[in-house]
Amino acid sequence: MKIFNTLSRRKEEFVPLEPGKVKMYVCGPTVYNLIHIGNARPMIVFDTVRRYFEYKGYEVNFVSNFTDVDDKIIKKANEEGVEAGIISERYIAECKKDMQGMNVKPATTHPQATNEIDGMIAMIGALIEKGHAYAAADGTVYFRTRSFREYGKLSHKNLDDLQSGMRSLLVSGEEQKEDPLDFVLWKPKKENEPYWESPWCDGRPGWHIECSVMSKRYLGDEIDIHAGGEDLIFPHHENEIAQSEAANGKTFARYWMHNAFLNIDNKKMSKSEGNFFTVRDISEKYDLQVLRYFMLSAQYRTPLNFSAELMEAAKNGLERIVTCAHNLTYLSEHAAASENGAAAGTDAMRDDERESLTGAEQYVTRFEEAMDDDFNTADAISVVFELVKYINSHVSGVSSKECLQAFYEMLSKLTDVLGLIVEKKEEILDEDIERLIAERQAARKEKNFARADEIRTELLEKGIVLEDTREGVKWKRA
């Protein structure tokens with residue numbers, strides 16, 4: 001298995017720190033609103049990476065955090081007149097709903113920054129003791145960037161170039177830095193902000209320190225893989241390396257993986273452009289399995305363009321796979337019993353059916369070759385389509401239940417690696433749809449929004465998409 005390592009800028013053979021085990025950390029979202037489809041790409045990509053490791057027999061310790069203290073969270077809390085924790089817990093719950101809809105497996109651990117403050121204070125203290133950090137007069141603690149000689153090794157940025165670029169970027173309060181390149185580890189509290197006591201001042205941590213601390217606590221000083229979007233390479237991941245390696249005296253992560261950006265109709269996603277979509281927005285038009293399929297239709301390091309046309313293509317592509325699986329299930333359930341009443345088992349298969357299965361195994365091999373080559377899901381999906389075509393061309397001559405089930409298991413094993421669900425959704429009658437819509441409307445009038453959301457999700461899981469209009473609620477089958 002080869003992984004493109006951002007650190008070396010080349011594909012490297014994957015060799016775990018401990019045989020048969022993978023320690024993997026993925027930077028999670030800042031929870032101040034519903035997650036957008038840009039957040040969805042790393043969630044889906046690295047969930048698929050995890051699934052493939054597990055398919056290959058590895059035990060994966062997968063850690064992905066929630067940043068639950070941040071300027072945006074505090075701003076929203078102050079606007080609503082509530083504690084910041086109310087905002088973060090609300091959107092952690094909403095994020096988990098969207099993750100479930102996208103079939104993203106829960107992490108082994110989902111740490112939250114506010115639960116790890118003691119560890120952050122301890123690491124900052126260690127960095128000060130080692131001369132890698134210092135406290136300013138107002139209690140702000142900075143990391144001495146130049147004290148870490150390898151700074152810039154991930155982003156491949158030169159310190160002198162960074163220095164010249166930052167001289168004009170100093171803002172009020174930063175004149176107390178020893179060097180413009182130094183970055184914040186701890187900052188003093190402000191009015192109407194949550195804060196914690198520390199040896200330097202009452203305040204809260206800087207953003208970068210949280211992942212260093214959570215990775216250390218739940219995975220150890222050294223990990224196999226650290227991952228996230230390419231926008232995190234600098235300064236976030238660069239600063240994580242500096243903090244962690246300066247504090248622990250060990251290599252932080254052996255492999256760094258970063259997914260490319262997602263554009264909308266060939267433009268950067270932006271609220272000002274009017275092309276900003278949350279995962280929840282997409283769920284009102286498509287089953288989120290379609291979004292997952294779309295995200296995996298390109299290799300993760302390739303920029304991906306989102307458009308209505310491409311989503312329709314993804315919907316049609318997924319439907320071909322699901323239809324093949326459904327046909328196999330149907331034929332298996334209705335397979336005629338053998339004339340001699342033979343017991344179920346591979347002995348019930350004819351020689352030509354065994355040959356068909358043997359011929360299909362090449363697609364499993366090619367699928368693994370694609371995934372072993374830096375998790376090339378685009379090529380892996382192409383192989384799945386070839387397997388579907390092969391099955392469709394051979395299934396008419398198959399009569400044994402055992403052969404049909406073997407084809408199904410082969411197909412579902414590969415789609416499960418991709419996190420794609422091939423079981424047909426249970427059909428729901430029109431009158432049951434109308435009944436649930438009426439119940440949802442009643443729940444909304446009673447301001448029972450949790451139940452209203454549950455009904456929408458229940459209908460979506462059965463392939464029913466709701467649209468709230470001025471004329472009332474309209475629905476369609478996805």
Side-chain angles (χ1 to χ4, degrees), residues 1 48 51-52 54-57 103 287 289-290 292-299 310-373 375-427 463 477-478:
M1 184 188 299
T48 305
R51 285 170 178 269
Y52 188 62
E54 291 174 342
Y55 168 87
K56 297 283 278 189
N103 199 24
D287 187 314
Q289 280 282 289
V290 176
R292 182 174 186 116
Y293 177 99
F294 166 77
M295 292 291 186
L296 297 178
S297 64
Q299 205 271 354
L310 291 172
M311 281 293 284
E312 284 298 322
K315 178 182 175 182
N316 294 335
L318 179 61
E319 185 61 29
R320 278 186 62 194
I321 299 170
V322 172
T323 298
C324 178
H326 177 68
N327 289 343
L328 287 170
T329 301
Y330 176 85
L331 291 170
S332 176
E333 289 173 351
H334 294 81
S338 58
E339 290 182 2
N340 60 6
T346 54
D347 289 343
M349 276 195 277
R350 303 189 310 265
D351 288 343
D352 64 319
E353 291 176 337
R354 290 194 189 90
E355 287 176 10
S356 293
L357 279 175
T358 300
E361 288 172 0
Q362 63 169 303
Y363 300 105
V364 176
T365 301
R366 289 174 53 202
F367 178 92
E368 291 177 358
E369 288 172 350
M371 293 299 286
D372 282 342
D373 184 15
F375 306 95
N376 193 333
T377 55
D379 284 357
I381 286 175
S382 294
V383 174
V384 170
F385 273 123
E386 290 184 46
L387 174 59
V388 166
K389 184 177 179 181
Y390 179 91
I391 291 171
N392 289 341
S393 66
H394 285 75
V395 76
S396 60
V398 174
S399 59
S400 74
K401 181 175 182 179
E402 291 71 34
C403 184
L404 292 164
Q405 287 178 332
F407 271 137
Y408 179 87
E409 288 168 8
M410 187 180 293
L411 178 61
S412 63
K413 180 172 68 173
L414 301 188
T415 53
D416 186 61
V417 171
L418 300 172
L420 299 174
I421 300 169
V422 294
E423 290 88 355
K424 266 289 196 198
K425 289 183 169 59
E426 179 186 344
E427 199 68 34
R477 297 184 187 273

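Computed from a predicted structure; not experimentally measured.
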> With respect to V384, which candidate in L411, T377, L420 satisfies the side-chain contact (heavy atoms from CB on, under 4.5 Å) definition?
Replying inline: L411
Closest approach of [X] to [Y] (non-hydrogen atoms, all atoms of both residues):
{"X": "K413", "Y": "V364", "result": "NZ-CG1, 4.5 Å"}
{"X": "S412", "Y": "V422", "result": "CB-CG2, 4.2 Å"}
{"X": "Q299", "Y": "A378", "result": "N-CB, 3.9 Å"}
{"X": "A380", "Y": "M371", "result": "CB-SD, 3.8 Å"}

Within this structure, what is the [atom1]-[atom2] distance for the pair [X] and [Y], rounded to the nearest 0.5 Å?
{"X": "L404", "Y": "L357", "atom1": "CG", "atom2": "CG", "value": "9.0 Å"}
{"X": "S396", "Y": "N327", "atom1": "OG", "atom2": "CG", "value": "12.0 Å"}
{"X": "S399", "Y": "M349", "atom1": "OG", "atom2": "CE", "value": "11.0 Å"}
{"X": "L387", "Y": "F407", "atom1": "CG", "atom2": "CZ", "value": "8.0 Å"}
{"X": "T48", "Y": "F375", "atom1": "OG1", "atom2": "CZ", "value": "10.0 Å"}
{"X": "E353", "Y": "E402", "atom1": "CD", "atom2": "CD", "value": "8.5 Å"}

>> Between C403 and R350, does the side-chain contact (heavy atoms from CB on, under 4.5 Å) criterion hold? Intermediate values first, please.
In response: CA-CA 9 Å; C403 184; R350 303 189 310 265; over 6 Å; no
Looking only at atom types and distance, does a side-chain atom of [X] sit under 3.5 Å from a main-chain N or O of [Y], one as donor and one as acceptor?
{"X": "N376", "Y": "D379", "value": "yes"}
{"X": "Y363", "Y": "F385", "value": "no"}
{"X": "Q289", "Y": "I421", "value": "yes"}
{"X": "E409", "Y": "A406", "value": "no"}
{"X": "T323", "Y": "R320", "value": "no"}

> Which residues satisfy the ring-ring contact (aromatic ring centres under 6.0 Å, His included) test with F294, sequence neighbours excluded?
Replying inline: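 Per chain and number, F294 pairs via ring-ring contact (aromatic ring centres under 6.0 Å, His included) with F306.
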> In chain order, what residues pass the ring-ring contact (aromatic ring centres under 6.0 Å, His included) check against Y293, with sequence neighbours excluded?
Replying inline: none
> Does the pair C324 and K389 meet the rule for a side-chain contact (heavy atoms from CB on, under 4.5 Å), with working shown?
Replying inline: CA-CA 9 Å; C324 178; K389 184 177 179 181; over 6 Å; no
> Under 4.0 Å between a Lys/Arg side-chain N and an Asp/Glu carboxylate O for R354 and D351?
Replying inline: yes
> Going by the salt bridge (charged side-chain N to carboxylate O under 4.0 Å, His left out) test, which pairs reach into residues 355-364, not counting sequence neighbours?
Replying inline: none
> So Y330 and H326, would you call those rings parallel, tilted or perpendicular, with 30° and 60° as cut-offs?
Replying inline: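 Tilted: the ring planes of Y330 and H326 meet at 30° to 60°.
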> Taking it one step at a time, do E369 and R366 satisfy side-chain contact (heavy atoms from CB on, under 4.5 Å)?
Replying inline: CA-CA 5 Å; E369 288 172 350; R366 289 174 53 202; 4.0 Å; yes
>> Pair L418, F367 - check side-chain contact (heavy atoms from CB on, under 4.5 Å), show working.
In response: CA-CA 11 Å; L418 300 172; F367 178 92; 4.1 Å; yes
